[in-house]
Amino acid sequence: MEAHGVSLRRVIELVVCVTGIWSAYIYQGILQETVSTKRFGPDKERFQHLAFLNFAQSAVCLVWSFIMIKLWPSGSTGRAPWSSYWSAGITNTIGPAMGIEALKYISYPAQVLAKSSKMIPVMLMGTLVYGIRYTFPEYLCTLLVAGGVSAFALMKSSSKTLSKLAHPNAPLGYGLCFLNLAFDGFTNATQDSISTRYPKTGAWDIMLGMNLWGTIYNFVFMFGWPQASGYQAVEFCKHHPEAAWDILYYCLCGAIGQNFIFFTISRFGSLTNTTITTTRKFVSIVVSSLLSGNPLSSKQWGSVVMVFSGLSYQIYLKWKKVQKKRKTV
C-alpha cells in the first residue's frame, strides 16, 4: 500500500512537471511570436527591438532566482563565486538574442525547428575538433534532423506567413538560429564545468549567476549610450502598454518554466526533462500553425515529423544507455 502511494505521488509529480513546462513555454512561444509580428496601436507599429526581450527576461529571472534563494536557502559555503559566470554570461546574452532576432526573418515554427537541431553542431565539433567517434544510430539521428530542417528551409512558406515577418530572409534567419545553438553549446559546457568544480552550487545559484551577468551585459547593450535601442523600446512600451504586458508575461513564463525544469531534473533526471521539452517544441509548432496563423504545407509537416523522429530516436538511445548503466551497477 505504501509503495502504491509513492508511485501515485510520482505520477502526479510527473503530470505537474509536464503541465507546467508545456503551459509556460507554449504560452511564452505564443507571446514571443505576438510581440515579434503584431502591429500595435492605430499606426500599426511593429516592436522592432526584440533584443529588449532578452534584457527583460534576464532581469525578471535574476529577481526570481534571488527570491527563491532567500525563501529556500541552501547554505553559503562551497558555492561557485559570482565571477565564475562572466564568460557564460556573455554567450548566454548573445545566443538567445540571436534566436529572438531570427523571428524578424523566419516564422516561429521555422525557428523552433532550427533550434531543435542542437545535436548537429555538437556532433560536428566533437568529430572535427576532438576526434570523437559516434555510433551509426547517432549519425542516423543527426541525418534525420539535418535533413528535416534543410527540407523545411528550402520549401516556400505561405504568403500569409511571410506577410507577418518584418524582413523575410530565410538564410539570415536560419544563420542566426545556428549561431544561437553554437553559443548555447558553450554556455551549457561552462555551466556543467561550474557544477563539477563546485558541487554544492544549486540550480538557483546558477540561475542567479547567469542572469546577474546577463542583466549587466544586456543593460550596457540596451542603455549604454544615448541612442541605444533600449530607450526606444521603453518609449514604445509607454505608448503601447499592451506590448509591455506581453513582454512581462513572456518573462514570467520563462521564469516559471525554469522552475518546473529544475524540479523535473531533480526528481526525474535530465532524460525525462529532455523528453518533455522536445515534445513541447512539437506541440508549440502545432499551436503556432493552428492558432497564430502560420499554415504549413503537407511537405513542411513531413519535415517536422522527420526532425522529431530523429529527436525521439535520440531520446530512445539515451534511455538505452541509462538502462545499460543501471544493469552494470
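All values below come from the heavy atoms of this structure, side chains included, with hydrogens, waters and symmetry mates left out.
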Taking Tyr250 for its side chain and Val35 for its backbone only, find out whether a donor-acceptor pair lies under 3.5 Å.
no
Tyr198: what forms a ring-ring contact (aromatic ring centres under 6.0 Å, His included) with it, not counting sequence neighbours?
none
Sequence-distant partners of Tyr249, ring-ring contact (aromatic ring centres under 6.0 Å, His included), two or more places apart:
Trp245
With under 30° as parallel and over 60° as perpendicular, where do the rings of Phe219 and Phe55 fit, or are they tilted in between?
tilted
Would you find a donor on one side and an acceptor on the other, under 3.5 Å apart, between the side chain of Gln111 and the backbone of Gly99?
yes
Non-hydrogen side-chain atoms of His239 and Glu45 separated by less than 4.5 Å
no
Kindly write out the residues that satisfy side-chain hydrogen bond (donor to acceptor under 3.5 Å, both in side chains) with Thr135, not counting sequence neighbours, or none if the list is empty.
Glu138
So, using side-chain hydrogen bond (donor to acceptor under 3.5 Å, both in side chains) as the criterion, who are the partners of Asp184 when residues are at least two apart?
Asn180
Nearest non-hydrogen partners of Met222 and Ser229, listed with the distance
CE-OG, 3.4 Å
With no hydrogens and no angle check, is any side-chain donor or acceptor of Ser150 less than 3.5 Å from a backbone partner on Gly147?
no
Counting distance only, does the side-chain N/O of Ser84 pair as donor-acceptor with the main-chain N or O of Pro81 below 3.5 Å?
yes
Counting only heavy atoms not in Tyr316, do more than 12 sit closer than 6.0 Å to its OH atom?
no
Shortest non-hydrogen contact from Ser309 toward Leu144:
C-CD1, 4.4 Å
Once ring-ring contact (aromatic ring centres under 6.0 Å, His included) is applied, do any residues pair with Phe47, and if so which ones, sequence neighbours excluded?
His49, Phe236
Hey, is the main chain of Arg79 close enough, under 3.5 Å, to the side chain of Thr201 for a donor-acceptor pair?
no
Counterpart residues, salt bridge (charged side-chain N to carboxylate O under 4.0 Å, His left out), relative to Glu242 (two or more places apart):
Lys38
Residue set satisfying ring-ring contact (aromatic ring centres under 6.0 Å, His included) with Phe221, at least two apart, ordered chain then number -> none
Give the ring-plane orientation class for Tyr105 versus His167, where under 30° counts as parallel, over 60° as perpendicular and anything between as tilted.
tilted
With rounding to the nearest 0.5 angstrom, report the OG1 to CG distance, Thr34 to Asp246.
6.0 Å
Looking at Gln300 and Ser297, would you say the former's side chain and the latter's main chain have a donor-acceptor pair under 3.5 Å?
yes
Can you list everything that forms a side-chain contact (heavy atoms from CB on, under 4.5 Å) with Leu212? Sequence neighbours excluded, please.
Leu62, Trp82, Ile216
With Thr278, which residues qualify under side-chain hydrogen bond (donor to acceptor under 3.5 Å, both in side chains), at least two apart?
none
How would you list, by chain and number, every residue that makes a salt bridge (charged side-chain N to carboxylate O under 4.0 Å, His left out) with Lys238, sequence neighbours excluded?
Glu235
Does any N or O in the side chain of Thr279 come within less than 3.5 Å of the main-chain N or O of Ile276, such that one atom is a donor and the other an acceptor?
yes
Just jot down the side-chain contact (heavy atoms from CB on, under 4.5 Å) partners of Cys61, sequence neighbours excluded, or say none.
Gln57, Met207, Asn211, Ala255, Gln258
Only counting residues at least two apart or in another chain, list the ones meeting side-chain hydrogen bond (donor to acceptor under 3.5 Å, both in side chains) with Ser284.
Arg280
Give me the atom names and distance for the closest heavy-atom approach of Tyr174 to Ala114.
CD2-CB, 3.8 Å
